[in-house]
Asks: 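One structure, as structure tokens, below. Some questions next.
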Amino acid sequence: MGEEQANDERVYKSVGDTFALMFRELEQVIVGQREVVENMIITLLCDSHALLEGYPGLGKTMMVRTLAKMMDLKFSRIQCTPDLMPSDITGTYIIEEHDGKKVFRFEPGPVFANILLADEINRATPKAQSALLEAMQERQVTVGNSTYLLNRPFFVLATQNPIEMEGTYPLPEAQLDRFMLKILVRYPAFSEEKEIVNRYTGEAKEEIRKIIDKETLLALQRLTRQVPISEEAKAHAISIVSATRDKENSQIEYGASPRASIGLVLAAKARALLHGRNFVSREDIHAMAYPVLRHRIILTFDAERKGITQDEVVKAIIENMG
Amino acid sequence: MHEFLKRLNELKWVLRKIRIFEVLLDSMLLLIFSSLLLFAMNLPVLYAFAPPFGYLLMQVAKRRDLFKSIESKREELRERLECAYDNSKKDNIVVRSLSEDVAALLRKTRHSFFIDERKIVIKVVAMVLFVFGFVFITFMNIKPLNVPDLAEEAAKQIAQRETTSAKPAGGILGAFEIGAPNQTQEAARELFGAPSVAKIEGEKITMELYLGGGELNVRETKAEQREFLASPAFPAEATAAETYAENVPEKHEKVVRQYFEQVAKGG
């Protein structure tokens, strides 16, 4: 415990420099998308999982792979298809022959990584989805009679394509709740796209350096939980989540659960740490309300018909709170 | 104990003292102003204690948020101070870092930050002016407005208007109704004679008049005409005579008496 505390103090003293270096290194590979990268790092700091939604070709896989390299984490990717089996995710037993004897050996699946990118999770069958979601929740997999613990840290970054939804299996709301954040990946600005073209049609390619190791990441996760929040700010966060359950709001059919309140406070703490603050401010809570709540609110048919988005509803709630 | 808590307690007492001083100053100002107003209106000055007393009670009942009071003067402490206070029982590297930052900011916070010098100067100057006003009124022997008498006068005039607007009590004498509603002043003069004129000098005139025939006009002898209340003309109306024995003219009575005397002699 003493060693852990000493390590935490050492990491905290240089936390500002650490994050600055991380962003500088990421900018070598990823152009723009600052908010997306921030939210992904916040997810890692909260030891949770995130859902990435964006059109193809926006660099989602590259962002995740770059983050994994920078943090010296084992990265694996699953391309979800309708024929994906649960054992393709968790692993399976294979028969091997040793000294004339046949034995079963467990071959771990891609889930035994530190960062798992599940591409187009909505294309996998509900059975395959549940295998992944169980791993996310329990941090372990059960194959046959044996239970295998997953590596620490363990993050799942699942992606969804907002187009080509035909023949897909949208994640049910109860499962969506397990993702702490839903991060929207948008098209880059003209200047950003120009920079992307310059970099990826030129000769030299930047190599990503390792910035932090696993122990430093675990220390950052502990420090995230230590960031203090005032009672007023906490009440404000809970009020925002409660407001989504208000029956008088004609735009929301179902609101967010208390899991959203936990997620919002934790994400706000991570954001405060990321921005070099040693306290949680209202600005952190308002900024994190959107990725925390947008996948947990179900709008009424009338609201959807009018083209109102979840983000607009969250914005109205925040403005009403003052 | 976190260092910032000691400093916070210190500031709490300073703020309390400043608040007490401001409330007492406001109460004094209110007292002097109320006294001056009541004195000018010739009302009992004792009532001047009511507004400052009410103000004192209001201020005592009002709750003040210590953190908001400090944070309003020191922007850097906004959200930090309250967060540090709420987490003062916890001990970890991040909380310690926050409490050190807050302690450093509180050390730089001088007590004079919480004193609004401009407001205090304005209030003190206002107090001096009101006291000077008092002295001036007393020294120059300026008579107060005498509001009670003015109120009494206004009440009487209102009462008078109400009674003179009622129907006059002139009744029917025999066959006549005295006064005609539309009769002109000249016609009324022919019936009732020339009006009496009386001159009354003096500032305060109290007159009691019984309602009856005629019209009362009150005029100032000075050039400037002031408003006066005129009682309405008693309706003087001449109507056809009825044939009552009391109202038969003497000539007709004589003729009728002679007739019956002759009838009595012949029969």
Side-chain angles (χ1 to χ4, degrees), chain A residues 1-19 42 45-46 215-216 218-238 265-266 268-288 321-322, chain B residues 1-16 18-19 61-110 113-114:
Chain A
M1 194 66 178
E3 201 181 305
E4 200 176 83
Q5 209 167 354
N7 189 36
D8 289 353
E9 285 182 20
R10 183 184 56 78
V11 167
Y12 184 70
K13 280 190 174 78
S14 58
V15 72
D17 293 336
T18 304
F19 286 128
I42 285 169
L45 291 176
C46 294
E215 290 309 312
T216 307
L218 290 172
L220 285 170
Q221 287 180 344
R222 286 191 294 271
L223 286 169
T224 297
R225 289 181 175 266
Q226 289 173 13
V227 174
I229 180 170
S230 66
E231 292 303 315
E232 199 199 345
K234 208 184 290 179
H236 184 62
I238 295 168
V265 170
L266 204 50
K269 286 187 174 192
R271 188 177 186 274
L273 189 69
L274 193 64
H275 284 245
R277 254 181 283 108
N278 47 19
F279 66 98
V280 174
S281 78
R282 273 199 173 200
E283 185 207 330
D284 295 320
I285 293 168
H286 292 170
M288 297 317 300
M321 293 272 160
Chain B
M1 193 190 189
H2 293 274
E3 192 205 320
F4 84 91
L5 286 173
K6 288 181 202 163
R7 183 76 181 140
L8 190 65
N9 276 333
E10 201 182 291
L11 273 177
K12 193 167 83 170
W13 284 110
V14 166
L15 278 172
R16 202 168 276 184
I18 291 170
R19 185 80 200 123
K62 208 173 177 179
R63 292 181 70 85
R64 291 204 167 247
D65 190 327
L66 173 67
F67 298 122
K68 294 279 184 284
S69 305
I70 297 174
E71 287 169 4
S72 64
K73 300 291 179 187
R74 296 284 285 168
E75 190 59 32
E76 308 94 329
L77 282 165
R78 200 171 62 89
E79 292 183 311
R80 270 192 174 94
L81 178 62
E82 199 170 347
C83 186
Y85 183 78
D86 288 343
N87 291 274
S88 56
K89 290 189 169 57
K90 292 181 187 165
D91 185 31
N92 59 55
I93 178 75
V94 189
V95 168
R96 280 199 296 272
S97 161
L98 176 64
S99 70
E100 276 165 21
D101 289 348
V102 168
L105 285 167
L106 286 176
R107 270 197 297 272
K108 288 182 199 168
T109 305
R110 294 197 301 274
F113 283 168
F114 304 103

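Chain letters run A, B, ... following the sequence lines, proteins first, then strands; residues in each count from 1.
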Asks: Strictly by salt bridge (charged side-chain N to carboxylate O under 4.0 Å, His left out), give each pair with a member in residues 88-97 of chain B just once, sequence neighbours left out.
Replies: A/Glu9-B/Arg96, B/Asp91-B/Arg96
Asks: Within a reach of under 6.0 Å around CZ of A/Arg225, are more than 12 heavy atoms found that belong to other residues, nucleotides or ligands?
Replies: no
Asks: Would you give the length of the straight line joining atom CG of B/Asn92 to atom CD of A/Gln5, rounded to the nearest 0.5 angstrom?
Replies: 9.0 Å
Asks: Distance from A/Phe279 atom CZ to B/Ser97 atom OG, nearest 0.5 Å?
Replies: 10.5 Å
Asks: Contact part of A/Ile229 toward chain B, heavy-atom cut-off under 4.5 Å: side chain, backbone, both or neither?
Replies: backbone
Asks: Can you tell me which portion of A/Arg282 sits under 4.5 Å from chain B's heavy atoms? Options are side chain, backbone, both or neither.
Replies: both
Asks: Which pair of non-hydrogen atoms, one from A/Ser230 and one from B/Asn87, has the smallest distance, and what is that distance?
Replies: N-ND2, 4.3 Å
Asks: Rounded to the nearest 0.5 Å, how far does CD of A/Glu231 lie from CD of B/Glu82?
Replies: 9.0 Å
Asks: What is the minimum heavy-atom distance between B/Val95 and A/Gln226, and which atoms define it?
Replies: CG2-O, 4.2 Å
Asks: B/Val94 versus A/Pro228: any side-chain heavy-atom pair under 4.5 Å?
Replies: yes
Asks: Just checking B/Tyr85: does its OH atom have more than 12 heavy atoms from other residues, nucleotides or ligands closer to it than 6.0 angstrom?
Replies: no
